[in-house]
Amino acid sequence: MHTASFRILSVKEMEEFGVRVGKALTAGDVVVLRGELGAGKTTFARGVGLALGIHEVTSPTFVISKIYPGATPLIHVDAYRLIGSDLALFDDLDLEARIPKSITLIEWGSGFAQRLEDEPINIAIDFGETVDERIVTVEGLDL
Ligand SMILES: Nc1ncnc2c1ncn2[C@@H]1O[C@H](COP(=O)(O)OP(=O)(O)OP(=O)(O)O)[C@@H](O)[C@H]1O
Ligand SMILES: [Mg+2]
């Protein structure tokens with residue numbers, strides 16, 4: 001599948017890039033967001049939310065999964081605390097029924113996403129050469 005990389009130079013650009021991706025996503029899409037702590041996954045997710053008219057996307061670290069209602073709901077999962085645990089815990093989130101009608105973003109979901117979607121869209125955020133630079137690689141979505 002098509003892969004493209006984008007150079008992002010600020011928090012604002014990352015949020016705007018999230019908006020761009022959000023506009024390209026449709027209901028049923030599952031996006032796996034990869035990147036180290038502080039790479040910008042939640043910043044990007046905030047932009048995706050804005051594209052859907054959702055203005056309050058914040059890190060779901062303490063609840064694992066948040067569902068924002070809307071014309072197309074946004075499901076935002078942070079699976080960090082599930083790493084290394086039984087995959088059945090992920091099933092307990094009970095997301096299957098909601099996914100076809102929603103856009104789903106999963107942070108730290110590499111180990112779990114296949115349970116929800118055979119061919120997720122993969123987005124990787126890597127640190128660049130300066131503090132604010134990031135390289136975003138998108139696989140499985142044409143922008
Ligand atoms: N170009 C950039 N894009 C995104 N964030 C940036 C950028 N430059 C600097 N930052 C900073 O990096 C941090 C990114 O935080 P964010 O919560 O989005 O990361 P995260 O990948 O979700 O982290 P975690 O794994 O802890 O959930 C913020 O403090 C932000 O200000
Ligand atoms: Mg985060």
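Both counts, for ligands and for their atoms, begin at 1 and track the order of listing.
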Undergrad: Is the backbone N or O of G35 less than 3.5 Å from a side-chain atom of K41, with the two atoms forming a donor-acceptor pair by type?
TA: yes
Undergrad: Check ligand 1 against E107 and write out every atom of the ligand that is under 4.0 Å from a heavy-atom position of the residue.
TA: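 That gives atoms 22 (O), 27 (O) of ligand 1.
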Undergrad: For H55 versus G53, what's the shortest heavy-atom pair and its separation?
TA: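 So the two residues come closest at CD2-O, 3.4 Å.
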Undergrad: Would you find a donor on one side and an acceptor on the other, under 3.5 Å apart, between the side chain of R134 and the backbone of A39?
TA: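 Checking the backbone N and O of A39 against the side chain of R134, a donor-acceptor pair under 3.5 Å is found.
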Undergrad: If you take the nearest heavy atom of each of L9, V11, I8, T58, which one is closest to atom 30 (C) of ligand 1?
TA: V11
Undergrad: With rounding to the nearest 0.5 Å, note down the distance linking NZ in K23 to CG in L143.
TA: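 The CG atom of L143 is 12.0 Å from NZ of K23, to the nearest 0.5 Å.
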Undergrad: G35 near ligand 1, heavy-atom distance under 4.0 Å?
TA: no
Undergrad: For ligand 1, is any non-hydrogen atom under 4.0 Å from A45's backbone (N, CA, C, O), its side chain (CB onward), both, or neither?
TA: neither
Undergrad: Pick, from T43, I135, V131, the option with the minimum heavy-atom distance to atom 15 (O) of ligand 1.
TA: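 Selected option, by shortest heavy-atom distance: T43.
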Undergrad: Can an N, O or S atom be found in E107 less than 2.8 Å away from the Mg ion (ligand 2)?
TA: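 Under 2.8 Å: E107 contacts the Mg ion (ligand 2) through an N, O or S atom.
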Undergrad: Do the side chains of K101 and T72 get nearer than 4.5 Å, heavy atoms only?
TA: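 No, every pair of side-chain atoms sits at 4.5 Å or beyond.
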Undergrad: Mark up the atoms of ligand 1 that fall under 4.0 Å of a heavy atom belonging to M14, in ascending order.
TA: 3 (N), 4 (C)
Undergrad: Less than 3.5 Å between some nitrogen or oxygen of E133 and one of ligand 1, yes or no?
TA: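 Min N/O separation from ligand 1 is not below 3.5 Å for E133.
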Undergrad: Which option out of D78, D132, V136 puts a heavy atom nearest to atom 1 (N) of ligand 1?
TA: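 Nearest heavy atom to atom 1 (N) of ligand 1 lies in D132.
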Undergrad: Please report the shortest heavy-atom distance between Y68 and T58, naming the atom on each side.
TA: OH-N, 3.2 Å
Undergrad: Tell me whether the count of non-hydrogen atoms from other residues, nucleotides or ligands lying under 6.0 Å of CD in E56 goes above 12.
TA: yes
Undergrad: Could you tell me whether W108 approaches ligand 1 through its side chain, its backbone, both or neither, with non-hydrogen atoms closer than 4.0 Å?
TA: side chain
Undergrad: What are the atoms of ligand 1, with element, lying closer than 4.0 Å to any heavy atom of E36?
TA: 21 (O)
Undergrad: Atom OG of S65 and atom CG of L105: how far apart are they, to the nearest 0.5 Å?
TA: 11.5 Å
Undergrad: Which bit of E13 is near ligand 1, meaning a heavy atom under 4.0 Å away: side chain, backbone, both or neither?
TA: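 It is neither; nothing of E13 touches ligand 1.
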Undergrad: Counting only heavy atoms, tell me which of G38, S10, G47 gets closest to atom 14 (C) of ligand 1.
TA: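 Selected option, by shortest heavy-atom distance: G38.
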Undergrad: Got a sec: is T42 within less than 2.8 Å of the Mg ion (ligand 2) via an N/O/S atom?
TA: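 Within the cut-off used here (under 2.8 Å), T42 does place an N, O or S atom near the Mg ion (ligand 2).
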Undergrad: Hydrophobic clustering (ILVMFWY, side-chain heavy atoms < 4.5 Å, transitive) - are I99 and I64 grouped together?
TA: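 In one cluster with I64: I99, yes.
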